[in-house]
Amino acid sequence: MTSEKGPKGPSVAIIGAGIGGLTFGIGLKRQLGFENFTIYDQGADVGGTWRDNTYPGCCSDVSTHWYSLSTDPNPYWSRTHVSQPEIQAYWQGLARKYSLYAHTQFYTRVLSATWDAPRAVWVLELEDIRTKTRSEATAEVLISAVGLLMDPRYPSDLEGRERFEGDLFHSARWDHGVDLKNKRVAVIGNGCSGAQLIPEIVKEPGINVVNFCRTPSWFIYRSRWAYSDWHKWVFAHVPLAMRAYRAYLMWQLERNWPLYESAGSKQREVAEESLKGFIRSVTPAKHHDKLMPNYPMACKRLVIDTGYLTALHRPNLDLNWDGIEELTEEGILTKKGANIPFDVIIFATGYVADTYPIPIRGKDGQTIQEYYKSQGGPTAYRATSVPGFPNFYMLGGPNANTSIGSIIFFEECQTNYILQLCAPVLSRDARTFEVTSRACDAYNTELQARMARSVYPQCFSWYRAGGAGKNFSIFPGPLSRYWWITREPIWEDYVAEGAGRWRVKRILSNVGKAGGLAALLGCVWLGWMKPEVVGRAVSLMHADWLRSMGLIREIVERYITMPLRVSLV
């Protein structure tokens, strides 16, 4: 094993060059002016899930102007909901703008990370996935930006994948070398990715598609359209127009939170009947009974209809609700005994989301996987910090997902929060920060109590550990509430070591703030009680200002305007 020697001074290691990793790298540069960081990614480019998911029809189901960084809005988006190539190009552009490629080590897998207490550093074991060469790196701060949608999930109870003699792949790892023309294709799964790709592949000449479904989805309609040149001109040239539009998009989603708060509200009943009416209105009557969900709306992820429901009218697309017993050499054996032959099988079955993919070992030797297991599933304080793991922070951590908004805004909130915790370590004013178990337990007790009052526990979903355990994914509230609780740390919830200088600076800062507030209150009191004194003070200040301006004017006239024969009048 070789050892890498980094530059002198504190350093930051970021795992993942997706949205979270790039956002944090930009934050380090913009907010702290900090350059000594490295982003490790096993891929060949930035982008994370938007780099990896290239299946036909892949697009954002959140309005694009809201699904982008607040620091870098883009007035030239082509549509309200853009496709994968345009989103990937946006993040590549940001990586170039902020010189993040120079900070990124591609084709590098982080095998493990271990806290070295005597040195107060994280020791990372790395592997070059091309040469299998291993190396070691250290960093004072470790940022996990591995993302929630990383490792494709294959149903554990489905056997026979290795037996199938045709082409088989997951939608998240689309095989562009497979020609679907004139093929019999099975798509397993009718969630978000399945609903996006099926309307596209059924257009292939001669193709026949069977979509194997287990549970009906709640489909919702959102208007989608292309931005005109006039829209783009306004966004680019009218001050605050794009910001106002972005705020409007956020408000449109935030106001829907009451639909998620309770499974029994009248508002929810009206919304559910409306959505069922929408599904009936655009699908063939023969599918109506099977397509109607029998669980509360939004307890699992809603599916935005991008043409899936209309595609059910096509003669080359059929739905199969019989369940899959196993995969055979020729195709799929259903639980009702039918053996259906296929040339291609595509899994659209989501991602492994309820585990953490890398062994991270904290100060007491406990891994993050062991901590999650002790808590009944992924658990963190404010979706960022874990007890026993100093200077380790997560982007897109437990309960950092949202049903009603942009995950990018969520990760911006996390970035701003984590940077406040990193800054004292990177300036050498503190050695470590670690959230206390007491604070983490209290936060999660309150979070799960909110969750219990919401719609989320009402059905089996990937939001929950093992599908039926505690909800480890969703933040039970609107995004504005998460922004509020992460606007600044509650420092008392963290144990700081080697933080003498940081404490002194914090005390001086608080004294300064208190002094400024006292002076302001004193001025208000004086103006109320002694208005004549304030009047004289203002008059004297005004006279001093006039004398200063006169002196400046005299200097300008004598030494600048007169020699140049220019008049100030």
Side-chain angles (χ1 to χ4, degrees), residues 53 55-64 66-67 78-84 171 180 185-227 249 252-253 255-256 259-260 263 266-323 346 348-350 403-404 455 459 461:
N53 282 269
Y55 60 81
C58 181
C59 65
S60 169
D61 56 12
V62 176
S63 298
T64 307
W66 182 216
Y67 194 75
S78 65
R79 303 182 58 80
T80 55
H81 300 74
V82 298
S83 60
Q84 175 268 336
S171 61
L180 300 181
V185 179
V187 178
I188 300 175
N190 61 328
C192 293
S193 56
Q196 286 184 349
L197 70 90
I198 286 174
E200 297 300 315
I201 66 172
V202 293
K203 300 174 185 176
E204 295 284 349
I207 194 173
N208 279 284
V209 179
V210 177
N211 184 201
F212 286 84
C213 309
R214 183 178 60 184
T215 307
S217 296
W218 281 101
F219 283 90
I220 63 175
Y221 171 78
R222 283 184 183 161
S223 178
R224 295 165 179 259
W225 38 274
Y227 289 118
L249 293 174
Q252 285 282 78
L253 293 173
R255 68 186 184 134
N256 289 330
L259 292 174
Y260 299 80
K266 185 66 177 176
Q267 185 180 3
R268 165 175 291 281
E269 291 178 13
V270 172
E272 289 183 350
E273 285 306 311
S274 175
L275 290 186
K276 286 181 178 180
F278 162 67
I279 294 171
R280 292 189 189 97
S281 70
V282 294
T283 58
K286 65 179 181 178
H287 293 310
H288 286 178
D289 289 343
K290 294 289 187 180
L291 287 174
M292 292 303 120
N294 58 359
Y295 57 90
M297 181 189 75
C299 64
K300 61 173 65 181
R301 187 171 179 180
L302 297 171
V303 179
I304 311 300
D305 181 35
T306 57
Y308 175 84
L309 297 179
T310 303
L312 294 177
H313 288 278
R314 297 182 67 105
N316 62 336
L317 172 61
D318 196 15
L319 302 182
N320 189 300
W321 300 87
D322 294 343
I346 301 169
T349 46
S403 296
I404 61 170
V455 70
C459 64
S461 82

task = Report the C-alpha separation of Y295 and K300 in whole Å, then their side-chain angles, then the decisive distance to 0.1 Å, and conclude whether the side-chain contact (heavy atoms from CB on, under 4.5 Å) test is met.
result = CA-CA 9 Å; Y295 57 90; K300 61 173 65 181; 3.5 Å; yes

Quick one: does [X]'s side chain get under 4.5 Å of [Y]'s, heavy atoms only?
X    : Y    : result
M297 : L275 : yes
D318 : H287 : yes
V187 : I201 : yes
M292 : I279 : yes
L312 : L317 : yes
V282 : Y221 : no
S63  : H81  : yes
P56  : K203 : no

Spatial distance of atom [atom1] ([X]) from atom [atom2] ([Y]) [nearest 0.5 Å]:
X    : Y    : atom1 : atom2 : result
E200 : I198 : CD    : CD1   : 11.5 Å
C58  : Y55  : SG    : OH    : 4.0 Å
T306 : F219 : OG1   : CZ    : 8.5 Å
S171 : I188 : OG    : CD1   : 11.0 Å

inquiry  = Can a side-chain donor-acceptor contact be found between N211 and Y308 if the only test is distance below 3.5 angstrom?
reply    =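 N211 and Y308 do have a side-chain donor-acceptor pair below 3.5 Å.
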
Side-chain donor/acceptor of [X] to backbone N/O of [Y], under 3.5 Å:
X    : Y    : answer
S217 : V303 : no
R222 : D61  : yes
N316 : I207 : yes
Q196 : C59  : yes

message = Run I220 and I304 through side-chain contact (heavy atoms from CB on, under 4.5 Å) and show every step you take.
response = CA-CA 5 Å; I220 63 175; I304 311 300; 3.3 Å; yes

Closest heavy-atom pair and its distance - [X], [Y]:
X    : Y    : answer
T215 : W321 : C-CZ3, 3.8 Å
P199 : G194 : CD-O, 4.4 Å
P293 : P216 : CA-CG, 3.8 Å
W218 : K276 : CH2-CE, 3.6 Å

request  = With side-chain contact (heavy atoms from CB on, under 4.5 Å) as the test, would you mind laying out the steps for C192 and R301 before giving the verdict?
outcome  = CA-CA 8 Å; C192 293; R301 187 171 179 180; 3.4 Å; yes

task = Decide if atom CZ of R214 counts as having more than 12 heavy atoms of other residues, nucleotides or ligands within a radius under 6.0 Å.
result =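 Check fails, neighbour count at 12 or below.
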
query = For F212, which of N320, L319, T349 qualifies under side-chain contact (heavy atoms from CB on, under 4.5 Å)?
reply =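 Between F212 and the candidates, side-chain contact (heavy atoms from CB on, under 4.5 Å) is satisfied uniquely by N320.
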
request  = Could you please spell out the steps behind the salt bridge (charged side-chain N to carboxylate O under 4.0 Å, His left out) verdict for R224 and D305?
outcome  = CA-CA 10 Å; R224 295 165 179 259; D305 181 35; over 6 Å; no

ask   = Which residue pairs pass the disulfide (SG to SG under 2.5 Å) test with at least one member in residues 273-313, sequence neighbours excluded?
value =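 Listed by first then second residue: C299-C459.
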
request  = Evaluate the criterion side-chain contact (heavy atoms from CB on, under 4.5 Å) for residue pair V185 and N208; output intermediate values, then yes/no.
outcome  = CA-CA 6 Å; V185 179; N208 279 284; over 6 Å; no

